[in-house]
Every structure is written in structure tokens, then in C-alpha cells.
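Taking it in order: structure first as C-alpha cells, then the write-up.
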Amino acid sequence: MTNNIATRLLTPCILLLLLMLAACHNPSPWGRQGEVADSLIEQHPDSVLHLLQDVDYNALDEEDQAHYGLLLTAARYKLYQPVDTTFINRSIAYYSSHLRGDKRGWGSNSSPLGGDKRGWGSNSSPLGGDKRGASLYYKAVVLYELGKKEEATLLLKQAEQQAERSDDELLRNKIYENLEMVNSDARLYQLALRYAKKFVESSCRLHDTLCIMRSLDHQAVLYGKLGYADSMRAIYNKMDPIVKGRNDSIVASILGNMAYCHMTSGQYAKAQAKLKRAMQIKPLVSHYMMMGKIHEMNGDTARARTNWETAFTFHDDEYDVKAYLALAQLYHQRSDFRQEAQYLNKANGLLDNQGHTTESVRIMDTQRHFDEESHAQRQSRQMAVLALTILFAFMMMLAIVTAYKQRLRHVTNTEMRKLADVSNKISHLEMLRRGYEKEMSLYRREIDQMQHERSRYQSKVGQLESKLEETAEKMKAATREKQEMEQYMTKVSLYAERALLNGKNIFDTMCDGQKAVRLTKQDEQDFVNYYMVAHHTDYARISKPYHDLPLRLQSFLILTELGKTPKEMEEIFCVSPSSIKAYRHRLKELQRHDMA
């Protein structure tokens, strides 16, 4: 609480100081505010958004409106807020028709990931040195999150062309990283690898250690997906000395990928050591999955099960499915098929829930035009060879069929003669059989009558016995069901009372805000149930735009209603910032789906 008060008091002081410093060399009011916003956009986007809210957009000239729209889009994107593309469209239109790469106020002397530590001067900003390229970039990333992936990729390609004509290395670095991720999501790993190499080269030119580490890690992961295990190991061996002396949060993810590389080569001891260090820095759900696999390979199924069950606390649907499947396989090896079926059903349930949100991203035709002509020529040659092959095969089949018909005709004549001899023998035996059947028919008729009488008697006796047994079973089942129902109702009432009390305690603790709350899955369910009962009007209002929400998204909506920040939600859910971003994106997708 004290830190929040200090932050609210310090932010206006920083803004006032920067405005006073900017006033010494810039007579334009927006010019001063624009410089302050440029200097704060990377580390304090919330302050930038607060500053822009006090600006009269309609009072600005066309150039300042373009600058305002770019800053507003960047700030809202960084704060995970809904973005209206109207402003960024005006910025792109202005910079495309007027500036053509003007670098005033958009230098490349800084990096958001570290690197150069010089101050944000008039030629330096975290947004990059090319305003038109930066505008194209931010519109692309906004559209990509909205699901317009083809249009976003085209804008990224345009931004890449614009950035390559300028000296803005920081902007190129961001564009290469996003193009690598776009193509990797679309499973175009070769094309993604090309951009990953450009990402590495750009990071080296920026002299930013963290950025270099992240880019090399992306390149190594792509090598692994393409099956180039030696190249992946070579990169991680090169990174190992750099990673040893750092404890940044990105290092935890890199160490996890290095552990996976060791596992692919069978070096489970090294993989376990990497995972232990990574989990000391920042435990991730993938770490627990790999640690469980290592324990399983070592025969320690109890610790393997513990790690996989811990993965559920991260509430990541993809890894929840993997954990359910791993546990199902573990119980299958124990021949505990009932537990195996339960975990498989849970995994299938999650896969069904993901089915309507999962899609395979297609990269646009503009990225495939380069090899279409050669592919068409190769295809025509293949068709010609295929036609000749089919003709030759048809002629061979015709010859084989002709020879087969002649052989079949000879065999058929031989078999017909044998069949005539057999028919004569059968007719003689048939005459003997008829005489024997006449003698046996009288005897069988008497036997059938006796068996019929006996079967009638036995059926009556069986019906009476079955009715008596059925009546007794029904009486026992009714008594047992009554006892079970009474026990169940007692347990349900006690459990509901404890669950509501637990949910109330969690709700009061969150509203008090004096200590952090980390929810387990059961606590999260109790918290949601209590809010639905105690604040049903508020819950009905916030959940009205959505048809059906899983537990995590219900908790996310309630915490948003309670005013919790993304940082606090990360600590409550024990997830990464990308997971909070994914929750917001899934809510938008569900809202659009329900409205459609």
C-alpha cells in the first residue's frame, strides 16, 4: 500500500520535472509533452496514457496528431488495453505522404531491453527512429492480436522494407522478432529461421546482452523443431557461459530450453541441473513437466506425479493436457485403467474446449510468390512422368489380365469335370440319408415333445425365482440408496459451508490488499462461487457479454472488476505476463464469438 502511494506521488513529479526541462528548448506545448511522452513510453506507458488524456487532439496540427496517434497506440498496446486503429491509420497516412522516414525525435540510440544507457534526447526514443515504420509495426501487432493475421503479416513486411531503408536498428530488431514468431506460429519453420538469424544479427549490432540471449534462444528452438539437434546444441553451448552469471527472468526460460536440449540427447543429469537453477530463478510450467519426465525416466514415479500435478496450478490449458496425458500413461503402466480413463477424459475435455479457439495460422501468398514458378515447372515434369508411368502400368495390366483369363479358363474346365464326379457321389449319399431320416423322425418327434414339457416347467420355475431375487435386490438397493443419500447430503452441506467461508476469506483478503494471495485451483473455485452468490448482481453484469466461461476467465473477470493490476494477477495466478495477455485475448474472442 505504501509503495502504491509513493508511486502515485512520484509520477506527477517526474512529469512536471520533464516538462520543465523540455520547456528550455521547445516553444511548442505539444512539443514539450511529446518529448516527455517519448521518454516515458517504454518504462511508464501508464504515465504516457495519463499525459495524453489531458491533450486536446482536435487542437493539434496534422503532424502533431500523427505523433499523438502513434504514442496513444503504443501506450494502450503496452498496457493490454483495447486499441482503436483509427488514430494509427491517420499516423500511417501522414508519415507515408509527408515525412518519408523523418527521424526527428525517433533515434536508435536506445533499447528497451538494456544495451545503450544514454538518456532519451531529442533524437532518441524507445519507439524507434522511423515514425512511419514504427506506425506500421504497432498497427501490425495490434491487428495480429485481433486475429487479422494475414493483414498483420503484410504490414510487418511493409515495416521491414521501411526499416531496412533507415538506420533504425531497434525498429528492425522488433520487426525481425515478430516476423520470426508469426512464421513460427504458422509452422513455417524454415522461413521463421531466416528471420531468427536476422534477429540475432540485429541484436548483436545493438550490443544488448539480454536481447542477444533471447534471439539465440529463438534460433536454437527453431533448430530443434526442424530436427537440427547438433545446431541447437552448438548454440546452447555457446550461450552457457553467458547464462551462468545472470539471474534475469528470461534466463529461466532459456535454461528450460537448454534442459530440453540435454534431454533430447539423453543427458538427464545435466537437464535436471539446468531445471533446478531455472526453477530457483522463476519456476515455469514447462520446468515441472520436464522435471516430471526426468523423474519418470529415473524410476521415481512418485516425484514425477508430484511435478505433473504441480503443473495444474499454472492453469495453462496446453500444459494441463500434457500433464493429464503423462499421468494417464503412468497409471497405464501400473495397470490402473480406471485412473487412466479419468485423466484421459479430462484431457479430452480440455482439447474439446480448445477446439473452437485453436487455428492453424496461414502466411500470405506474398511470402510464397518467390518459388511459385519453379514449383509449377517441377509439377509439370512430375505430371508428364506420372502420365507415362500410368500408360506403361495400364499396358502391363492388360497383358497380365489376358494371360490370367487364359489360365483361368483351363483351370475352370478341369474343376468342372471334378465337380460332376462329386455331384454323382453326393446324389447317391443323399438317397441313403433320406431313408435314415425317415426312421429317425419318429423318434425325434417324441423326444421333442418331452423336452418341450420339461422346458415349460423349468421356465415357470425360473421366472418365479428371478422375481423373488429381483424383489429382494430392489429392497436392498432402496435401503442402501437411502443411507447413501443421507450421508451425501450431510457431506454436501458441510462442504458448501466450508467452500463459501473459504471464498469469503479470499475475497476479503483481496479487497484488503495488504498481502498477496496465490490461489490454488480449489481456492479459485471457492472464490468464484462466493462472488457469484454474494455479489450476484455484479457478476451478472460483468459476465453478460459471454455465453460460457471457464474457471480461469471467470476469476480474471472478477479480479479485473476488483481493480487488480496485471502485475498483481500474475502473482495471484502464478503465471507469466503473456498468460495475462492471453486471458484478455480469449475474452475478446469469446465476446466476438457470442456477438456473432
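In what follows, residues are counted from 1 in the order of the sequence shown. Worth knowing before you read on, the calculation uses all heavy atoms, side chains too, and leaves out hydrogens, waters and symmetry mates.
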Look at atom CD of Q53 and say whether more than 12 heavy atoms of other residues, nucleotides or ligands are closer to it than 6.0 Å.
yes

Are the side chains of I572 and M510 in contact, using a 4.5 Å heavy-atom criterion?
yes

For D320 and D317, what are the C-alpha separation, side-chain angles and deciding distance, and is it a side chain to side chain contact (heavy atoms under 4.5 Å, CB included)?
CA-CA 5 Å; D320 283 352; D317 290 347; 4.3 Å; yes

Could you tell me which non-hydrogen atom of M239 sits nearest to which non-hydrogen atom of D217, and how far apart they are?
SD-N, 4.0 Å

Could you state the interatomic distance from CG (L587) to OG (S543), rounded to the nearest 0.5 Å?
11.0 Å

Presence of salt bridge, D316 and K322, under 4.0 angstrom
no

At what distance, to the nearest 0.5 angstrom, does CG of L143 lie from OH of Y138?
14.5 Å

Checking M181 now: which residues fulfil side-chain contact (heavy atoms from CB on, under 4.5 Å) with it, not counting sequence neighbours?
E177, N178

Distance, nearest 0.5 Å, that separates CZ of F507 from CG of D512
11.5 Å

Smallest separation among heavy atoms of A271 and M263, with atom names
CB-CG, 3.6 Å

With a sphere of 6.0 Å drawn around NZ of K276, does it hold more than 12 non-hydrogen atoms of other residues, nucleotides or ligands?
no

Test of understanding: with side-chain contact (heavy atoms from CB on, under 4.5 Å), list the residues that count as partners of Q65, not counting sequence neighbours.
Y57, L60

According to the side chain to side chain donor-acceptor pair (under 3.5 Å) rule, which pairs have a member within residues 527-537, sequence neighbours left out?
Q525-N529

With a 4.5 Å cut-off on side-chain heavy atoms, are D46 and H44 touching?
yes

Closest non-hydrogen atoms of V48 and A37, given as atom of the first, atom of the second and distance, are CG2-O, 3.5 Å

How close do L275 and G256 get, counting heavy atoms only, and between which atoms?
CD2-CA, 4.3 Å

Would you find a donor on one side and an acceptor on the other, under 3.5 Å apart, between the side chain of N502 and the backbone of R498?
no

Checking the side chain of S215 only, and the main-chain atoms of I212 only, is there a donor and an acceptor separated by less than 3.5 Å?
yes

I need the full list of ring pair (Phe, Tyr, Trp, His ring centres under 6.0 Å) pairs touching residues 554-591, with sequence neighbours left out, sorted by first then second residue.
F556-Y583

To check you understand the geometry: which heavy-atom pair defines the closest contact between A75 and P45, and what is its length?
CB-O, 3.9 Å

Ignoring hydrogens and angles, write down the donor-acceptor pairs under 3.5 Å from the side chains of residues 281-290, residues two or more places apart or on other chains.
unit_1, atom_1, unit_2, atom_2, d
H287, ND1, L284, N, 3.2
H287, NE2, A252, O, 3.1

For a side chain to side chain contact (heavy atoms under 4.5 Å, CB included) check, start with the C-alpha distance between D185 and Y144, then their side-chain angles and the critical distance, and finish with the verdict.
CA-CA 11 Å; D185 290 343; Y144 194 83; 3.2 Å; yes

Does the side chain of Q522 come under 3.5 Å of the side chain of D526 through a donor N or O and an acceptor N or O?
yes

Output the distance between atom CG (L79) and atom OG1 (T565), rounded to the nearest 0.5 Å.
11.0 Å

With a 4.0 Å cut-off, would you call R172 and E169 a salt bridge?
yes

Any side-chain heavy atom of Q272 within less than 4.5 Å of one from H295?
yes

Would you say NZ of K270 has more than 12 non-hydrogen atoms from neighbouring residues, nucleotides or ligands within 6.0 angstrom?
no

Is there side-chain contact between V243 and R277, with at least one heavy-atom pair below 4.5 Å?
yes

Atom CZ in F199, atom CZ in R214: separation rounded to 0.5 Å?
4.5 Å

Examine distances only and state if a side-chain atom of S253 and a backbone atom of S249 form a donor-acceptor pair shorter than 3.5 Å.
no

Those residues at least two apart in sequence (or on a different chain) that pass side-chain contact (heavy atoms from CB on, under 4.5 Å) with L501 are N505

To the nearest 0.5 Å, atom CD1 of I580 lies from atom OH of Y80 at 8.5 Å

Does any part of the side chain of S184, heavy atoms only, come nearer than 4.5 Å to the side chain of K225, both counted from C-beta?
yes

Minimal heavy-atom distance between A323 and A311, with the atoms involved, is CB-CB, 4.5 Å

For residues L49 and Q81, determine if any side-chain heavy atom of one lies less than 4.5 Å from a side-chain heavy atom of the other.
yes

Check the pair R592, E589 against salt bridge (Lys or Arg N to Asp or Glu O under 4.0 Å), reporting the backbone distance first and the verdict last.
CA-CA 5 Å; R592 285 198 299 272; E589 291 293 331; 2.2 Å; yes

Working for side chain to side chain contact (heavy atoms under 4.5 Å, CB included), residues L553 and L590
CA-CA 10 Å; L553 294 185; L590 288 173; 3.5 Å; yes

Salt-bridge present (K244, D240; N to O < 4.0 Å):
yes

Quick one, L551 and S555 - any side-chain contact, counting heavy atoms below 4.5 Å?
yes

One pair to check against side chain to side chain contact (heavy atoms under 4.5 Å, CB included): S203 and D208. What are the steps and the verdict?
CA-CA 6 Å; S203 300; D208 189 326; 6.0 Å; no

How about E180 and L222: do any of their side-chain heavy atoms sit closer than 4.5 Å?
yes

Should R541 and D538 count as an ion pair when the cut-off is N to O under 4.0 Å?
yes

Under a 4.0 Å N-O cut-off, is there an ion pair linking E296 with K293?
yes

